[in-house]
Amino acid sequence: MTTGRARLRIAVVGAGPAGLYTADQLTFGSENDATVDLFERLPVPFGLLRYGVAPDHPTIKSSATTFQEILDRPAVKLYCNVEIGRDLTVGELRDWYDAVVYATGADTDRRLGIGGEDLPGSISATEFVKWYNAHPEAESCDLSRVRTAVVIGAGNVALDVARILLKRPESLHGTDIPTGVMNALETSAVTDVHLVARRGPEHAKFTTKELREFNELPGVDVLVDGRQVPEADPDGISAVTRRNLGVLRSWARLGATGAPRRLHFHFASRPTRVVGETTVRAVHLESTAQSLAADLVVRAIGYRSRPLPGVPYDESTGTIPHRDHRVQRNGSDSPGEYAVGWAKRGPSGTLGTNRGDAADTVEAIIADRLPSHIEIAGPAVDDVLAQRGICVLDKDSWAGIRKAEEELGAASGRERVKIARWDELVAAGRTPALSRYPDRSHVSISV
Ligand SMILES: Cc1cc2nc3c(=O)[nH]c(=O)nc-3n(C[C@H](O)[C@H](O)[C@H](O)COP(=O)(O)OP(=O)(O)OC[C@H]3O[C@@H](n4cnc5c(N)ncnc54)[C@H](O)[C@@H]3O)c2cc1C
């Protein structure tokens, strides 16, 4: 993106898939040769690829290789452990860069709005997913007293949660799942997971591939009440829904085989109350006017973005208001401000959806023929961050963290084990790789 003057300098807020694909489009080839500074609040990049996608989905996780190649480009600079809206303001970025792209994703949860939702033992999928993915802000999770879990939701995140709850830890040995999570799965008492969906199976948002993964879970029966699945395919359903109904019918025909663990599907079952005094005991369903016993309730009814200070936010959709990728302020395009990914579209679509979205956003940036005003920019970003005492983790730090995680993995015969604590990630990013963990007995991996 040469303008005949200086190269455009773009700030991208959020180093998740959407931010990385945007950096890719902006720095790829000779035509688009902007420089990109990527700001990330966490100590590490990759967003939900690292902290959302399930550890037993290695094919998707391998997108990290593509993202690493983007990060390795000289035109891309990485500022991890820097939260925009706290460490730097959006106003500062707008002053210092030719354009700012918000790619802040969605990392909080939607609520059910029913009684008992906040009882101990009732948690969101965002919390549970963060835990098994070693997110540095995750709370630990004890499954040793959980026999029955109810997962509320009808999308792939609900399936991920149900599958991890039912998996035996030995099948996760090849993943980077932290030791603390492995131990918790080792002592897990879970025998039954009830997946509760408000509407019928023809409305579920599962993808067939994720549904079929339960066929490969040893020691698990999948139980579907055949009366809840239409015998004939309703008109107008998508090919995915048709395939899903086929899978569900096959399970309904199969029935129980006496396996030690079970996944029960409940369709057209709206939860009306989480029941319990000091902790969760059951979930009450409207359809059957009965309660499902539960020691753990996980609501997986969708992710939601948080507002970014200084950026407009639409409460009703939980997204940044935009028109054709341009941020809207007071009903019109705000020059030099763009949004991409889940922060813009809401939490739907796969990783690949963000690639097309980033391409469209970059097309809008190019079409706007932004004037490059870097010559009049303020003090160097690095100086400001240093003055404010912010411990920036850059590309070298990220290399150090990856190395530390490999070292940790090697100690337990695994390729890599994720570091779960924020301070340990920072320490790993700041310390020369080989002397990082002289004595492994002191390395605590907490979840
Ligand atoms: C549980 C789960 C499982 C999934 N599994 C799959 C799968 O198997 N296959 C698939 O294709 N897709 C999957 N997805 C979808 C995929 O993860 C998303 O499409 C993708 O991550 C969205 O990218 P994003 O960059 O918009 O958001 P995110 O991945 O959320 O990235 C946003 C980044 O912005 C950072 N950020 C936020 N606020 C600030 C701030 N103020 N300052 C600086 N940085 C900030 C965040 O820390 C984060 O790193 C899954 C999603 C979830 C939730």
Side-chain angles (χ1 to χ4, degrees), residues 1-3 6-51 62-84 87-88 90 92-94 96-105 325 336-344 351-352 354-366 370 372 374 377 380-386 390-403 425 429:
M1 193 185 301
T2 40
T3 61
R7 290 162 102 185
L8 285 179
R9 280 198 63 200
I10 316 271
V12 174
V13 185
L20 282 154
Y21 281 131
T22 303
D24 177 31
Q25 299 282 334
L26 284 165
T27 58
F28 182 72
S30 55
E31 209 175 304
N32 296 348
D33 71 345
T35 63
V36 172
D37 287 357
L38 261 174
F39 294 95
E40 170 56 54
R41 66 177 284 272
L42 296 174
V44 292
F46 297 174
L48 287 169
L49 177 65
R50 182 174 162 106
Y51 291 128
S62 68
S63 304
T65 311
T66 308
F67 290 150
Q68 190 57 46
E69 281 165 15
I70 299 166
L71 273 186
D72 286 341
R73 290 185 198 155
V76 178
K77 209 165 163 183
L78 183 65
Y79 293 85
C80 284
N81 212 28
V82 178
E83 181 169 333
I84 303 305
D87 303 328
L88 295 173
V90 160
E92 286 170 327
L93 294 189
R94 293 181 69 195
W96 299 340
Y97 292 88
D98 299 313
V100 185
V101 184
Y102 305 113
T104 44
H325 323 288
E337 281 190 297
Y338 303 84
V340 70
W342 277 18
K344 177 181 76 180
L351 224 54
N354 301 295
R355 184 201 292 252
D357 188 10
D360 294 341
T361 305
V362 170
E363 214 174 285
I365 298 175
I366 294 169
L370 300 164
S372 172
I374 188 64
V381 180
D382 304 64
D383 294 345
V384 175
L385 288 166
I390 309 299
C391 168
V392 177
L393 297 178
D394 60 10
K395 287 191 208 178
D396 288 341
S397 318
W398 171 226
I401 291 169
R402 292 192 331 265
K403 182 109 178 66
L425 286 166

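- Annotation for C80 and L42: closest pair CB-O, 3.4 Å, computed over non-hydrogen atoms.
- Atoms CZ and CG, from R73 and D24 in turn, are 4.5 Å apart once rounded to the nearest 0.5 Å.
- Closest approach of A358 and A18 over heavy atoms only: CB-O, 4.2 Å.
- Side-chain contact between D357 and T361 is present, with heavy atoms from C-beta onward closer than 4.5 Å.
- Between the E40 side chain and the A15 main chain, a donor and an acceptor come within less than 3.5 Å of each other.
- For the pair I70/F28, no side-chain contact is recorded, criterion being any heavy-atom separation below 4.5 Å from C-beta on.
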Inset, instruction - Dump the intermediate steps for side chain to side chain contact (heavy atoms under 4.5 Å, CB included) on F39 and V381, then the final yes or no. - result: CA-CA 11 Å; F39 294 95; V381 180; 4.0 Å; yes
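- A distance of 8.5 Å separates CD of Q68 from OG1 of T65, quoted to the nearest 0.5 Å.
- In this structure, A23 and V36 approach most closely via the heavy-atom pair CB-CG1, 3.9 Å.
- Looking only at side-chain heavy atoms (C-beta outward), I390 and N81 stay at 4.5 Å or farther from each other.
- For L49 against A64, the heavy-atom pair with the smallest separation is CD2-N, 3.6 Å.
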Legend entry - Step-by-step side chain to side chain contact (heavy atoms under 4.5 Å, CB included) determination, L20 to L38: CA-CA 8 Å; L20 282 154; L38 261 174; 3.8 Å; yes
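- Taking the ring centroids of F67 and Y21, they lie under the 6.0 Å cut-off.
- When all heavy atoms of A103 and V340 are compared, the closest pair comes out as CB-CG1, 3.5 Å.
- Annotation: side chain of P45 is in contact with side chain of W398 (closest heavy-atom distance under 4.5 Å).
- Between S63 and L351 the shortest heavy-atom distance is OG-CD2, 3.4 Å.
- Remark: T35 OG1 to R9 CZ distance equals 5.5 Å, nearest 0.5 Å.
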Inset, instruction - Report the C-alpha separation of D37 and W96 in whole Å, then their side-chain angles, then the decisive distance to 0.1 Å, and conclude whether the side chain to side chain contact (heavy atoms under 4.5 Å, CB included) test is met. - result: CA-CA 11 Å; D37 287 357; W96 299 340; over 6 Å; no
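- Panel note: side chain K77, backbone D394; no donor-acceptor pair is recorded below 3.5 Å.
- Between V101 and I365 the shortest side-chain heavy-atom distance falls below 4.5 Å.
- With L93 as reference, I84 is the one residue of V12, I10, I84 to meet the side chain to side chain contact (heavy atoms under 4.5 Å, CB included) rule.
- In the displayed structure, R355 atom CZ is contacted under 6.0 Å by at most 12 heavy atoms of other residues, nucleotides or ligands.
- A donor-acceptor pair is defined here as one N or O able to donate and one able to accept, closer than 3.5 Å; such a pair exists between the side chain of D87 and the backbone of E83.
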Legend entry - Full working for side chain to side chain contact (heavy atoms under 4.5 Å, CB included) between Y338 and V362: CA-CA 9 Å; Y338 303 84; V362 170; over 6 Å; no
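- Between Y79 and the choices D382, L88, L393, the side chain to side chain contact (heavy atoms under 4.5 Å, CB included) rule is met once, by D382.
- A donor-acceptor contact shorter than 3.5 Å is absent between the side chain of K344 and the backbone of H325.
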